[in-house]
Amino acid sequence: MTKIIVNGGKRLNGTVKISAAKNSVLPIIAASLLCPEKCVLEEIPLLEDVYCICDVLKSIGASTEISKGRLTINPQNIISAEPPYELVRKMRASFLVMGPLLARMGNIKISLPGGCNIGTRPIDLHLKGLSALGADINVGHGYVEAKASKLVGARIYLDFPSVGATENIMTTAVMAEGETVIENAAEEPEIVDLANFLNSMGADIIGAGTDTIKILGVRDLKGSVHCVIPDRIEAGTYMIAAAITGSDLVIENVIAEHVKSVVAKLTEAGVTIYEKGNKLRVKSEGVIRPVDIKTLPYPGFPTDLQAPMMALMSISNGTSMITETVFENRFMHVCELKRMGVNIKIDGRSAVIEGVTKLSGAKVKATDLRAGAALILAGLAAEGTTEISDIHHIDRGYVNIEKKLKKVGADIERIEE
Ligand code: UD1
């Protein structure tokens with residue numbers, strides 16, 4: 001079993017370079033299936049989730065090649081619109097191939113993504129959107145089957161600004177006849193990145209990044225070369241690492257606009273942040289003030305940084321409240337943080353955290369990707385040794401996390417047992 005071992009209490013100093021965004025690269029890789037020409041993605045993050053979606057593409061006949069951080073996708077010879085269950089169930093984001101395959105092949109059969117550790121995660125909004133565009137959808141025996149002899153643009157209102165549903169609808173609509181309007185669309189930077197990629201392929205999309213996206217269907221798309229945006233969640237995690245260890249870190253390759261809510265909350269907590277170009281310097285004296293946080297769709301505070309922020313609040317000098325509004329069950333990390341001396345009470349969708357003066361290292365387990373990051377952060381601040389198991393969750397979304405932290409002075413190691 002592979003574990004991450006952290007000996008806490010070290011101050012960090014230096015520069016951490018942020019990789020390309022996992023949540024951008026996955027829908028973009030899926031979208032490259034839309035046309036038979038090659039697409040190239042520069043400086044992709046070498047993550048388990050990226051390898052996983054490449055396997056999904058290969059399983060249906062596309063070729064993918066990673067060389068020097070550049071991913072070349074050739075979807076010319078797609079032989080099937082039925083990615084195998086064993087691959088799709090490994091990663092929820094595999095479901096993002098549904099829109100592109102339906103648009104290109106006129107049909108798709110894909111297993112239901114199911115729930116996961118953070119909630120039931122339904123797909124009703126994806127299906128509502130595709131059905132409005134003219135797809136005939138059947139759900140049964142654990143699969144979704146969608147067929148469409150012709151896709152026609154439509155006006156689609158999302159009851160919740162779902163990131164994945166917005167992405168699947170966009171990719172289905174790019175070659176539909178006429179105009180599609182997505183109302184109450186997700187506004188995340190990853191949606192804008194996907195729209196930019198699709199436009200570079202010849203699509204006609206305006207309004208991405210606002211709550212109304214308009215897509216005018218085009219006849220053909222062509223191959224493209226694209227550079228994915230930096231990972232705002234990875235950036236936020238290292239910003240919190242500086243705060244929790246009372247350190248001075250420079251975070252490089254970050255779009256400050258994308259982490260505005262994190263900057264606001266860390267500033268409220270007493271952390272000083274300077275912005276210069278694509279860098280943020282994050283400086284903390286080690287005294288953390290309690291702040292209340294409510295997770296919301298972008299531009300609100302990201303749910304993906306809720307667990308890391310909870311680790312930070314656990315050492316604040318007061319009481320803070322964190323409310324999770326995006327996912328129904330995203331407090332799995334609480335039990336593990338408690339092993340390290342964190343004082344938390346859960347009441348429905350809110351967690352009340354009484355700051356403690358010190359955390360203590362313990363044996364803990366990553367229950368999901370961001371929960372794992374929170375445990376590493378707590379370990380950096382804790383007295384003694386923290387041993388984190390089930391780190392495959394962490395490898396899904398953080399490139400070389402222990403190497404990046406070690407480079408700036410953390411005492412952290414990956415071990416094989
Ligand atoms: C994406 C991100 C994930 C992030 C999340 C919210 C990727 C690969 N993953 O996930 O890291 O935490 O956005 O920012 O980009 N919902 C429905 N019906 C649907 C779809 C969603 O009710 O058809 C609900 C979900 O259960 C959840 C909420 O909407 O409560 C948000 O989900 P969504 O925005 O779709 O998240 P994902 O795209 O799955």
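Whatever order the structure lists them in is the order used to number ligands and atoms, beginning at 1.
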Can you tell me how far apart [atom1] ([X]) and [atom2] ([Y]) are? Round to the nearest 0.5 Å.
| X | Y | atom1 | atom2 | answer |
| --- | --- | --- | --- | --- |
| Met309 | Met239 | CE | CE | 9.0 Å |
| Ser63 | Lys38 | OG | NZ | 7.5 Å |
| Tyr274 | Arg281 | OH | CZ | 5.5 Å |
| Ile169 | Ser162 | CD1 | OG | 7.5 Å |

Could you tell me if His258 and Glu188 have a donor-acceptor pair between their side chains, going purely by distance under 3.5 Å?
no
Determine whether the side chains of Thr72 and Glu65 contain a donor N or O and an acceptor N or O closer than 3.5 Å.
no
Just jot down the ligand 1 atoms closer than 4.0 angstrom to any heavy atom of [X], in number order.
| X | result |
| --- | --- |
| Gly164 | 35 (O), 38 (O) |
| Arg330 | 12 (O) |
| Thr303 | 6 (C), 12 (O), 14 (O) |
| Ile123 | 19 (C), 23 (O) |
| Phe160 | 28 (C), 29 (O), 31 (C) |

Below 4.0 Å, non-hydrogen atoms only: which portion of Val326 touches ligand 1? Side chain, backbone, both or neither.
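Both backbone and side chain.
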With a 4.0 Å heavy-atom cut-off (strictly under), which part of Ala165 contacts ligand 1: side chain, backbone, both or neither?
neither
Under a heavy-atom criterion of less than 4.0 Å, does Arg92 contact ligand 1?
yes
Could you establish whether His126 and ligand 1 come within less than 4.0 Å of each other, counting only heavy atoms on the residue side?
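Right, His126 reaches ligand 1.
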Does ligand 1 come near enough to [X] that some N or O of the ligand is less than 3.5 Å from an N or O of the residue?
| X | value |
| --- | --- |
| Leu96 | no |
| Lys22 | no |
| Asp304 | yes |
| Asp124 | yes |
| Val163 | yes |

Minimum non-hydrogen distance to atom 8 (C) of ligand 1, winning option of Asn168, Asn23, Thr325, Leu369:
Asn23
Pick from Asp304, Thr325, Thr295: which one makes a side-chain hydrogen bond (donor to acceptor under 3.5 Å, both in side chains) with Arg330?
Asp304
Is a side-chain N or O of Asp193 found less than 3.5 angstrom from the main chain of Ile229, in a donor-acceptor match?
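Checking the backbone N and O of Ile229 against the side chain of Asp193, a donor-acceptor pair under 3.5 Å is found.
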Please determine whether side-chain contact (heavy atoms from CB on, under 4.5 Å) holds for the pair Phe95 and Ser111, giving the CA-CA distance in whole Å, both sets of side-chain angles, and the decisive distance to 0.1 Å.
CA-CA 8 Å; Phe95 205 64; Ser111 65; over 6 Å; no
Lys/Arg-Asp/Glu bridge criterion (N-O < 4.0 Å) met for Arg349, Glu324:
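A salt bridge is absent here (no side-chain N lies under 4.0 Å from a carboxylate O).
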